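In each ligand, atom 1 is the first atom listed, and ligand 1 is the first ligand listed. Computed from a predicted structure; not experimentally measured.
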Amino acid sequence: MATTREIKYRICPLCEATCGLELVVDGREVVAVRGDDADVFSQGFICPKGAAITQLDQDPDRLREPLVRRNGSLLPVSWDDAFAEVESRLMPIVARHGADAVAVYLGNPNVHNLSLMLYGQALLRTLRSKNVYSASTVDQIPKQLAAGLMFGTFTSVAVPDIERCDFLLMLGANPLDSNGSLWTVPNFPARLRALQQRGGRCVVVDPRRSRTAAVADQHLFIVPGTDAYLLMGIVHTLFDEDLVALDRLTTHTNGVEEVAASAKAFSPAAVAPVCGIPADTIRQLARDLARARRAAVYGRIGTCTQAFGTMASWLVDVCNVLTGNLDREGGVLFPLAPGFAANTHGEPGVGRGVRTGRRYSRVRGVPEVMGEFPCACLAEEIETPGEGQVRALITIAGNPVLSTPNGVRLARAFQSLECMISLDIYLNETTRHADVILPGLSPLEENHYDPVFTQFAYRNAARFSRPVFAPPTNRPQEWQTLLRLTAIVAGQGAGADIGALDDFIATTQVQNAVSNPRSPVHGREPGEILAALAPRRGPERLVDLALRTGPYGDGFGVRRDRLSLAQLEEHPHGVDLGPLQPRIPESLRTPSGKIELAPPTILADVERLRAGLVTSQRNGSLVLVGRRHLRTNNSWMHNLPLLARGRNVCTLQVHPDDAARIGLADGAVARVAARVGSVEVPVEVTEAIMPGVVSLPHGFGHDQPGTRLSIAAVRPGVNSNLLADELALDPVSGNAILNGIPVHVEPARPH
Ligand SMILES: Nc1nc2c(c(=O)[nH]1)N[C@H]1C(S)=C(S)[C@@H](COP(=O)(O)OP(=O)(O)OC[C@H]3O[C@@H](n4cnc5c(=O)[nH]c(N)nc54)[C@H](O)[C@@H]3O)O[C@H]1N2
Ligand SMILES: Nc1nc2c(c(=O)[nH]1)N[C@H]1C(S)=C(S)[C@@H](COP(=O)(O)OP(=O)(O)OC[C@H]3O[C@@H](n4cnc5c(=O)[nH]c(N)nc54)[C@H](O)[C@@H]3O)O[C@H]1N2
Ligand code: SF4
Ligand SMILES: [Mo]
């Protein structure tokens, strides 16, 4: 029998590693998935989630038609009816109460899905609500704020140059399970092994002996939430022992003296009792960093989702700058992304910098950061009556009931909304509250380019994937759904011509390019550029424009053999653009044109840190931290058999000493209580967690009625965010505190 098998390539959209996948397909079926050995960026790496993409594609529970609430139940309807329903429910609220009455919550897949990434902005700009919330404030906003204040854009994040580094200090990150974050580095395990084989060292700081800590050369337990103290101790030592050497950065850096002054109070002896790491070890870390030929400090979610998230994120780069390792090969470098990067736009070396606090949330009065309010404030904005109350909500690829603090309160608040619309592919703990659910397609039915993760990549590269399977013709792609919603909130109605809207978006971007003196197409006719982009539409047209006007672009004929989408289409394994290179001062966008090492917004928080030198001494109570497992993806992939199988990972890890004291045996059920709620969860007694700390993964709790997650519901686990306090924020960034939550643990009473 003649075989119809074909090989297709697709960048995996499931995590930040962006591995190239090779799929063997037969008709509409995927027969096999493996890592694409020829991929210029990921060289064949794949993890169990990548392999499970087939099951995501085939999952019978994944929504394929819109659902609308009728007499209390969510029922399938036609797309036309669904959009008409959105219009008739949403627009009267906007008319009566204004746009701020409509909140938007953007979840994590917004940065993994090209449609959502490029067209979500159109909806937000047209709606013009100040009530924008996202998963950023339970994740990385402290790092983005620190980067913005120091380097001038919120995405100017310098990443370790792992292929040339010989000392890597990692805090609050577990890339062996997470596959990296704000650092796009597929096959981290092999790259770490290579570092060690060439004589380099890796030190991991974590209250848990994570899988990454276990393969590191040194693991230091740290009291949760105290990384800023450890890092201040390192900075103090660098000054105290005359180890500061900015080298090339000296002329490009403001504020070194202010940093020295702020670190004065934080001697290793002073911080050691707070962070639980001996003073001598802290001094040694400072010396190792300063003396290594090429060193990099990297901090991730453990350092962000804590009480001093912004402070710790800032200090990570303060260490990199003071040791001359920022913007140096083998240290941490700014990727030069092929398109979409704010630090490649405008005049090189100088810019407007970033601002925060342009407005304040209505109820709690917290400042906006990056145009959004903390998602921990969403419930109170829905519940609190008065002018400006949130009455409607649009969620886009988010599951805040499981992902954000005090999920019970948030779910209750959702029930009081006049209208809730969700763009989502599952009927889950959040979308079960919606009045209308609009599903996207399978990732295998979509094209792909990574506008975001190319900005955090260990190496510069450009890759584009065509859809593995042709998108169904009877269902909109998600960018089309977003344009439909944009037309509705623009008052054009559910039946508007979204092709015209798409043309308008592309034309505006082309006009911006031709009127920008720094663009390779400056001064050219917009019509000529638009003609060259034809017949592409939607995301492809915007990607082609960004690539061709970007730093490697062909400038629409100006530069030969340079990047365009057509060129990427001819290279299904991607185009390598070389190792990261030093970019300072060109990459900076601060008003001074310098690295602002001592941003006043952050220095203003040092006093709070200093106060903690006395008050944060431990008092014997337990604190909770999170963790991730290789076979999870936040809250939403527990419905795939390949990932759901194996031992139960939703356990409370407890140190043997604590377990003995409390009277908990391995496998017993514990009751964990915090200010906002409690859960009952099986205990895993393990020496991998430090005494005084317990750990529970997030993203579970699939036991809610009215959901459609048949596999996940078999072993639902518990929602760790029933313990996270919505009132506890890093005050500088508004990020929730998810690590270091005070909890009381006891054996659960039999029911
Ligand atoms: N306690 C605790 N809480 C945490 C964390 C923690 O470490 N500890 N981590 C936090 C972090 S880092 C993050 S990023 C957040 C994530 O927070 P969220 O983004 O709110 O949650 P996810 O679980 O990622 O949910 C993604 C949603 O998008 C849907 N989806 C998936 N793909 C698509 C698509 O292509 N289109 C559409 N329309 N929908 C799609 C899924 O069905 C799911 O409903 O969770 C945070 N919450
Ligand atoms: N398998 C899997 N991969 C994922 C995800 C997933 O859910 N599952 N989610 C993706 C997302 S959205 C993100 S943002 C990334 C996150 O990627 P990572 O930042 O690597 O996240 P984690 O694996 O949770 O590792 C965080 C580590 O911080 C430790 N920690 C907790 N509190 C503290 C503290 O106070 N100080 C220090 N120093 N450490 C602390 C925890 O014990 C944990 O080992 O992962 C992504 N990749
Ligand atoms: S590491 Fe991330 S990008 Fe790579 S296959 Fe796994 S889920 Fe996909
Ligand atoms: Mo995240």
Heavy atom of Leu630 under 4.0 Å from ligand 2? yes
Let me confirm one number: the CG-CG distance from Leu483 to Leu485, rounded to the nearest 0.5 Å. 9.0 Å
If we only count N/O pairs under 3.5 Å, is Val205 in contact with ligand 2? yes
Parallel, tilted or perpendicular: ring planes of Tyr229 versus Phe308, cut at 30 and 60 degrees: perpendicular
Are His219 and Phe221 close enough that their ring centers fall under 6.0 Å? yes
Polar proximity ligand 2 side, Cys15 side, N/O cut 3.5 Å exclusive: no
Between Glu445 (side chain) and Ser442 (backbone), is there a donor-acceptor pair under 3.5 Å? yes
For ligand 2 and Arg208, I'd like to know whether there is a polar contact (N/O to N/O, distance under 3.5 Å). yes
Would you say the ring centers of Trp183 and Tyr298 fall short of 6.0 Å from each other? yes
Suppose I only count heavy atoms of His629 and a 4.0 Å limit; which atoms of ligand 2 are within that range? 1 (N), 2 (C), 8 (N)
Is there at least one pair of N or O atoms, one from Asp177 and one from ligand 2, spaced under 3.5 Å apart? yes
Using a threshold of 4.0 angstrom between heavy atoms of the protein and any atom of ligand 1, which residues qualify? Tyr105, Gly107, Asn108, Pro109, Asn113, Leu116, Ala135, Val138, Asp139, Ile301, Ala397, Gly398, Asn399, Pro400, Ser403, Leu423, Asp424, Ile425, Tyr426, Asn428, Glu478, Arg628, Asn634, Ser635, Trp636, His698, Ser720, Asn721, Leu738
Ion pair check, Arg628 and Asp177, cut-off under 4.0 Å: no
Would you check if the distance from the ring center of Phe41 to the ring center of Tyr458 is below 6.0 Å? yes
Just jot down the ligand 2 atoms closer than 4.0 angstrom to any heavy atom of Asp227, in number order. 34 (C), 35 (O), 36 (N), 37 (C), 38 (N)
Going by salt bridge (charged side-chain N to carboxylate O under 4.0 Å, His left out), name the pairs with one or both residues in residues 33-45, residues two or more places apart or in two chains. Glu22-Arg34, Asp39-Arg463
For Tyr426, does the six-membered ring have the charged nitrogen or CZ of Arg708 within the cation-pi criterion, i.e. under 6.0 angstrom from the centroid and within 45° of the normal? no
Just which atoms of ligand 2 are under 4.0 Å from any heavy atom in Pro224? 35 (O)
Would you be so kind as to tabulate the donor-acceptor pairs closer than 3.5 Å made by side chains of residues 643-651, with sequence neighbours excluded?
{"unit_1": "Asn648", "atom_1": "OD1", "unit_2": "Cys650", "atom_2": "N", "d": "3.0"}
{"unit_1": "Thr651", "atom_1": "OG1", "unit_2": "Arg627", "atom_2": "NH2", "d": "2.9"}
{"unit_1": "Thr651", "atom_1": "OG1", "unit_2": "Glu684", "atom_2": "OE1", "d": "2.6"}

What protein atoms of element N, O or S are positioned under 2.8 Å from atom 4 (Fe) of ligand 3? Cys19 SG
Would the distance check show the side chain of Gln306 and the main-chain N or O of Gly302 forming a donor-acceptor pair, the cut-off being under 3.5 Å? yes
Would you call Lys143 and Asp317 a salt bridge, using N to O less than 4.0 angstrom? yes
I would like to know whether Ser733 and Asp730 meet side-chain hydrogen bond (donor to acceptor under 3.5 Å, both in side chains); could you show each step before the answer? CA-CA 6 Å; Ser733 65; Asp730 164 26; 2.7 Å; yes
Provide the number and element of each atom of ligand 2 under 4.0 Å from a heavy atom of Ile222. 36 (N), 37 (C), 38 (N)
Within 4.0 Å of some non-hydrogen atom of Gly225, the atoms of ligand 2 are 34 (C), 35 (O)
Could you tell me whether Glu687 atom CD has more than 12 heavy atoms of other residues or ligands within 6.0 Å of it? no
Working to the nearest 0.5 Å, report the span between CG of Leu427 and NE2 of His433. 10.5 Å
Proximal ligand 2 atoms for Gln306, defined as those under 4.0 Å from one of its heavy atoms: 35 (O)
Taking Arg62 first and then Asp424, would you say they form a salt bridge - that is, a charged N and a carboxylate O separated by under 4.0 Å? no
Any N or O of Asn174 closer than 3.5 Å to N or O of ligand 2: yes
Yes or no: does Gly740 have any heavy atom under 4.0 Å from an atom of ligand 2? no
